[in-house]
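Below is one structure, written out as structure tokens; the observations come after it.
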Amino acid sequence: MSERRKQYPFDIIEPKWQNHWDSNNTFKSLNPEDEGFDPNAPKYYALDMFPYPSGQGLHVGHPEGYTATDILCRYKRMLGFNVLHPMGWDAFGLPAEQYAIEHGIHPRETTEKNVTYFKEQLKSIGFSYDWDREINTTDPDYYKWTQWIFLKLYNSYFDKDENAATPIEKLIEKRIADLPDETEEERRNYIDSQRLAYIDEVAVNWCQELGTVLANEEVVDGKSERGGHPVERKPMRQWMLRITEYGDRLIDELDNLDWPEGIKALQRNWIGRSEGADVHFELPGTGEKITVFTTRPDTLFGATYMVLAPEHPLVDQITSEDQISAVNEYRDKVTSKSDLERTDLAKEKTGVFTGGYAVNPINGEDVPIWIADYVLMTYGTGAIMAVPAHDERDFEFAKQFEIDIKTVVQSDTGETHDESICFTGEGIAINSPLIDGLKTKDAKKTVTNWLSDNGFGNKSVNFKLRDWLFSRQRYWGEPFPIVWDKQGNHHPLSTSELPLVAPDLEDFKPTGDAKPPLSKAVDWISYKDEFIRETNTMPQWAGSCWYYLRYCDPKNSEQFISKEADNYWMNVDLYVGGTEHAVLHLLYSRFWHKVLNDLGYVSTNEPFQKLINQGMILGEDGQKMSKSRGNVINPDVVIKEYGADSLRLYEMFMGPLEQVKPWSNKGVEGVHRFLARVWRLFMENTQEGTWEITPQIVDIRPDKKQMKVLHETIKKVTTDIESMDFNTAIAQMMVFTNAFTGAEQRPLSAMKTFLTLLNPFAPHITEELYTILANNFPDKCDSSELSVSTWPNYDEKHLIEDEIEIVVQVNGKLRDKTTINKDASEQDIKDQCQNLEKIKPFIDGLTIRKIIVVPGKLVNLVAN
RNA sequence: GCUCACGUGGCGGAAUUGGUAGACGCGCUAGAUUCAGGUUCUAGUCGACGCAAGUCGGUGAAGGUUCAAGUCCUUUCGUGAGCACCA
């Protein structure tokens, strides 16, 4: 292709218009307080997931979502919307730092370089971003506010009555009123234990290779998500964010969001809410009790044993003399195994009997207590009541160790299963005096009420979601605005001390133990009056949790977002990005947003009203693109050979946005040919090899047929953009082009409208052609540029034909077609169809039972 | 194992929401233009039978509902994604 003559001069046109947009600030959007702001214009906020500026530059997956939002934004502008369409950089994080460590270059330098490259690439695709709103998470003016929000989390607690984050002062007041006599230290411990940002000693995912702890979400199959390095469990003191308090709201408030159901399901699943009951089993003679969580309190009569997690604190107390050695041996075996190995041996259940017994509160029976690693200390209470007849795991365990199995539920259909089958469904309670004959739903309620009335338990809700481990032992992240006193108490910095900038380190390598790299900055660490600074940094997610807010008011030095900007722009009308962020980023953002909303800093409860996930683009071989497979498509190369308009158009023409689909270079050529055909619809090549406008373009009225195609195209493109079916919108524009290519005379008005329709998809070529039209028909072309012109309307009257073609079926089979006047009565249609020559043989000798007429479409003669 | 998506030509994909299956593009075939290649233009392109008009079959498979099913229901097979002892 590079050898070939260019089919149209995109290499000249595209940079020309990109420079034009840049120097004219064509796509600048105004805030309410700005001069020239139109208070009557509706707003539209379309957001792309901002990229991590890696050293490799853009891949073809990036422009997929970006083109989709860009088309919508250009379209909405033409409809008169005030459009917010910003771009920025999620530039903190591991890869830059790893690169820095390996090459001895400061991550700030590589980040800057990468950002420059990314920006240049994005500009070469012709996106209509308002670059004045560009943000960078590593910019102190930005992360000042990330740190500020952290302080808000630190200085808040979750008020269960309000079901909302509340300033910590309120809790302190309440505590002083309730317990005026407690010591300063006691009170501090209590308050600190309630903060939304708190310190906890937890078993964390420590990755030796990366020298940091990782969030649960960053660990996949026992390995780090980035790099695939081994991860081990290790208890460490870490900053945590109390996201679990928001479990209910994060689930319930998904309902009103216009998100793909699959993504909502993923989030619900991740949060993992289950409703049930806590049940206390007494340990005779000790005064102690074991509390279990169950979602099936109705099966309490079928509990034939209990299981504690091997790490459960009561294990030592309940273990009988003769079982001590067996229990200890088992515990040693389990703790020496990594999480991965522990789940690996899930195929066969293991465990040992402790020798202890507890009392089942509902029937007073003694229940043997076992320990087994299929019970996790981190979920529920770390202990379960085992009902082998109605739980697969318990069933497997009971069979293995020959423990009693007692059936207490029969299925609705009345079948009673014997002990050889495990029935986990709902049904009717049996062998359970209190609830015999009750349906599972009612039985649950009855048992739960009985438990709480008698002090043996209560209704309870559990989440799979864990609190968010928020500190990292890395250099390239936001430092915590926290200092420590000599007694080991933490104190927040005042907001006036923000941003807290990390010192420039010569050596920012991980220390190899739990000490963060910042601990090497001896001068920086020591704060006044013998306080020392926190040396952990925040995870990469921090900056991306709120960037969409900053775009609304990116230069504000007084607030992270002004009330006016928040009220006007939020929330995000359309958020487009990859599924890889379905859980983490979207969950974290929603959490922060809700806290900020509770505290009155933002007016909306949810940040992203509508969400679309673009599907991954595979290589030409149908495999995931990767360097090692050598199937990576570089957008720069595509632009060089075919132009940015072709890249944009192809990305949209490949198929539905949300679908996974393979790249095809032939396909790019196809859309490129289409654009060349569009070009030649307007231009012809002269003897000298230059282009000039074709004389076929004339200022005449389109004929009826042309009018129909034109208005069909307006309609289809408009509705398809609204529903984000860009591939079919493009197909319709191809139909238009095919229809007009053969025309001797091409009516100016139709051609102008067509350029407007194509403009959001292929902005460069259309602007260029429009300029040429405007130069040749100066009194017929009104606005100076398509980007600031008005979207056309279609008129239904041009879509209707006088004669309609109707399909004639006999017994549902297509037999003939006939044309009929659009005003024909139903009876006329029926008569005409029955008398068709081709139809007669099919109904000859048969009785017509019924004639079905679908107006304007088809007639079906039912005969036998 | 569980949950959710999706199965339509040689390929990417269309199909008013139950109403002409295969729009549009790629690829392929033939013709025109060209010294030639490329480009461009025209025509054809689901399968079987047929010179043709046409007939029959056809949306992973099997049933069902309906005048009418790619579309709705039941069962089943396959592919992809997510979760994975969450009590």
Side-chain angles (χ1 to χ4, degrees), chain A residues 1 3-5 7 221 260-266 268-270 272-274 276 292-296 299 307 309 342-343 345-347 349 372-376 378-387 390-394 396-397 424 462-466 579 582-583 615-616 622 649-650 653-656 658-671 673-674 676-677 680 685 716 719 725 727-735 737-738 741-742 805-817 838 849-864:
Chain A
M1 173 72 187
E3 297 299 310
R4 274 186 245 143
R5 218 170 53 224
Q7 292 203 37
D221 290 336
E261 275 312 312
I263 301 297
K264 288 191 187 182
L266 279 179
R268 287 195 191 101
N269 193 354
W270 189 266
R273 174 168 64 190
S274 38
V292 304
F293 171 72
T294 178
T295 55
R296 291 296 298 269
T299 62
V307 186
R342 223 169 126 163
T343 43
L345 81 219
K347 282 164 195 100
K349 293 266 181 295
D373 68 355
Y374 82 91
V375 172
L376 309 173
T378 46
Y379 184 76
T381 59
I384 62 157
M385 63 178 213
V387 186
H390 306 288
D391 181 284
E392 290 283 359
R393 298 150 299 181
D394 299 344
E396 227 178 277
F397 190 85
T424 58
N462 259 288
F463 294 94
K464 272 203 289 192
L465 183 69
R466 292 288 110 81
T579 343
V583 205
M616 205 192 337
L649 212 57
Y650 178 65
F653 188 62
M654 294 173 81
E658 304 196 59
Q659 197 165 302
V660 178
K661 44 212 176 286
W663 186 269
S664 155
N665 277 323
K666 287 286 186 191
V668 186
E669 281 181 37
V671 293
R673 266 201 291 270
F674 162 66
R677 278 160 66 90
R680 290 194 308 270
N685 216 336
K716 184 99 180 110
T719 54
D725 295 313
N727 54 332
T728 49
I730 295 166
Q732 181 60 36
M733 290 190 277
M734 289 172 170
V735 170
T737 306
N738 293 344
T741 297
E805 191 182 55
I806 286 214
V807 171
V808 186
Q809 298 180 334
V810 176
N811 290 331
K813 284 200 168 157
L814 175 69
R815 293 304 177 191
D816 198 10
K817 295 174 189 177
K838 280 189 188 163
R849 299 276 172 206
K850 204 168 163 189
I851 302 178
I852 285 142
V853 179
V854 181
K857 275 256 164 234
L858 113 177
V859 170
N860 190 9
L861 306 171
V862 185
N864 61 7

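Here is the naming used below: chain letters follow the sequence lines, and residue numbers restart at 1 for every chain.
Distances from the side chain of A/Asn860 to the nucleotides B/G19, B/A23, B/G13 place B/G19 closest. For A/Ser274, counting side-chain heavy atoms from C-beta on, the closest listed nucleotide (B/A15, B/A87, B/U20) is B/A87. Listed nucleotides: B/C67, B/G13, B/A87. Nearest to the side chain of A/Lys850: B/C67. The side chain of A/Val375 lies closest to B/A87 when the candidates are B/A87, B/U39, B/G13. Of all nucleotides listed (B/C24, B/A14, B/U20), B/U20 comes nearest to the side chain of A/Val807.
Looking at heavy-atom distances under 4.0 Å, A/Val854 makes contact with a base. Contact annotation for A/Lys813: backbone-only contact, meaning every heavy-atom pair under 4.0 Å involves sugar-phosphate atoms and none involves a base. If you check every strand for non-hydrogen atoms under 4.0 Å, A/Glu392 touches nothing. A/Val862 comes within 4.0 angstrom of sugar-phosphate atoms only, judged by non-hydrogen atoms across all strands, and of no base. Within 4.0 Å of A/Ile852, counting heavy atoms only, lies at least one base atom of the nucleic acid. A/Ser664 comes within contact range of no nucleotide atom at all, as no heavy-atom separation falls under 4.0 Å. At the heavy-atom level, A/Asn462 lies nowhere under 4.0 Å from the strands shown. At the heavy-atom level, A/Arg273 lies nowhere under 4.0 Å from the strands shown. A/Lys464 comes within 4.0 angstrom of a nucleotide base, judged by non-hydrogen atoms across all strands. Heavy atoms of A/Gly670 sit under 4.0 angstrom from primed sugar atoms or phosphate atoms, though from no base atom.
When rounded to the nearest whole Å, the span between NZ of A/Lys264 and P of B/A81 equals 25 Å. Protein atom CD of A/Glu669 is 12 Å distant from nucleotide atom C1' of B/G27, rounded to whole Å. Atom CD of A/Gln732 and atom C1' of B/G25 are 14 Å apart (whole Å). Atom pair A/Phe653:CZ and B/G13:P shows a separation of 11 Å (rounding to whole Å applied). In this structure, the CD1 atom of A/Ile806 is 16 Å from the P atom of B/G19, given to the nearest Å. As rounded to whole Å, 16 Å separates atom C1' of B/G13 from atom CH2 of A/Trp663. Atom-to-atom, CH2 of A/Trp270 to C1' of B/A81 comes out at 15 Å; the value is rounded to the nearest Å. Atom pair A/Met734:CE and B/C26:C1' shows a separation of 10 Å (rounding to whole Å applied).
No donor-acceptor pair closer than 3.5 Å links the side chain of A/Arg296 to the backbone N or O of A/His390. The backbone N or O of A/Ser664 lies less than 3.5 Å from no partner atom in the side chain of A/Lys666, so there is not a single donor-acceptor pair.
Among residues two or more places apart in sequence or in another chain, the side chain to side chain contact (heavy atoms under 4.5 Å, CB included) test is passed with A/Val668 by A/Val638, A/Tyr642, A/Tyr650, A/Trp663, A/Asn665. A/Tyr379 pairs by the ring pair (Phe, Tyr, Trp, His ring centres under 6.0 Å) definition with nothing, not counting sequence neighbours. Partners of A/Phe653 by ring pair (Phe, Tyr, Trp, His ring centres under 6.0 Å), not counting sequence neighbours: none found. Residues satisfying the side chain to side chain contact (heavy atoms under 4.5 Å, CB included) test with A/Thr737, not counting sequence neighbours, are A/Phe674, A/Arg677, A/Val678, A/Leu681, A/Thr741, A/Phe754. By the salt bridge (Lys or Arg N to Asp or Glu O under 4.0 Å) test, A/Lys817 is found to be paired with no residue, residues two or more places apart in sequence or in another chain being considered. Qualifying salt bridge (Lys or Arg N to Asp or Glu O under 4.0 Å) partners for A/Asp394, counting only residues two or more places apart in sequence or in other chains: none. For the salt bridge (Lys or Arg N to Asp or Glu O under 4.0 Å) test, residues two or more places apart in sequence or in another chain that qualify with A/Arg268 are A/Asp255.
When the side-chain nitrogen and oxygen atoms of A/Gln809 are compared with OP1 and OP2 of B/U20, none of them lie within a distance under 4.0 Å. Within the 4.0 Å cut-off from OP1 or OP2 of B/A68, not a single side-chain nitrogen or oxygen of A/Asn811 is found. Taking only side-chain nitrogens and oxygens, A/Lys661 never comes nearer than 4.0 Å to OP1 or OP2 of B/G12. The phosphate of B/G13 has OP1 or OP2 within less than 4.0 Å of a side-chain N or O from A/Gln659. At B/G82, none of the side-chain N or O atoms of A/Thr579 fall inside 4.0 Å of OP1 or OP2 (strictly under the cut-off).
The CG atom of A/Leu858 sits 4.5 Å away from atom CD of A/Gln809, with the distance rounded to the nearest 0.5 Å.
With hydrogens and angles left out, the side chain of A/Lys349 and the base of B/C85 share a donor-acceptor pair within 3.5 Å.
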**OP:** Using Watson-Crick or G-U wobble pairs with both distances under 3.5 Å, give me RNA chain B in dot-bracket, 5' to 3', with [ ] for crossers and | for pairs to another strand.
**Re:** (((((((..(((......[....)))((((((.......))))))((((....))))..(((((..]....))))))))))))....

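Rounded to whole Å, the separation between the C1' atoms of B/G9 and B/C46 comes to 5 Å. Taking atom C1' on both B/U71 and B/U59, the two are 10 Å apart, rounded to the nearest angstrom. Rounded to whole Å, the separation between the C1' atoms of B/A61 and B/G70 comes to 15 Å. Between B/A30 and B/U20, the distance separating the two P atoms is 35 Å to the nearest Å. Between the C1' atoms of B/G22 and B/G44, the separation comes to 16 Å (whole Å). Annotation: B/C6 and B/G10 have their P atoms spaced 23 Å apart (nearest Å). For B/U66 and B/C2, the C1' atoms lie 36 Å apart once the distance is rounded to whole Å. On the C1' atoms, B/A48 is 38 Å away from B/G38, given to the nearest whole Å.
The side-chain tip of A/Lys349 does not point at the ring of A/Phe397 from less than 6.0 angstrom away and within 45° of straight on.
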Protein-nucleotides 41-43 of chain B N/O pairs closer than 3.5 Å?
{"from": "B/C41", "atom 1": "OP1", "to": "A/Arg677", "atom 2": "NH1", "distance (Å)": "2.8"}
{"from": "B/C41", "atom 1": "OP1", "to": "A/Arg680", "atom 2": "NH2", "distance (Å)": "3.4"}

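With a glycosidic angle no more than 90° from 0, B/G9 adopts the syn conformation.
Nearest-nucleotide assignment on RNA chain B puts the 5′-proximal partner with A/Lys817, out of A/Leu861 and A/Lys817. Comparing A/Gly655 and A/Arg815 against RNA chain B, the residue whose closest nucleotide sits nearer the 5' end is A/Gly655.
Heavy atoms only, all atoms of each residue included: A/Ala582 and A/Leu266 are closest at CB-CD1, 3.7 Å. In this structure, A/Lys464 and A/Asn269 approach most closely via the heavy-atom pair CE-O, 3.1 Å.
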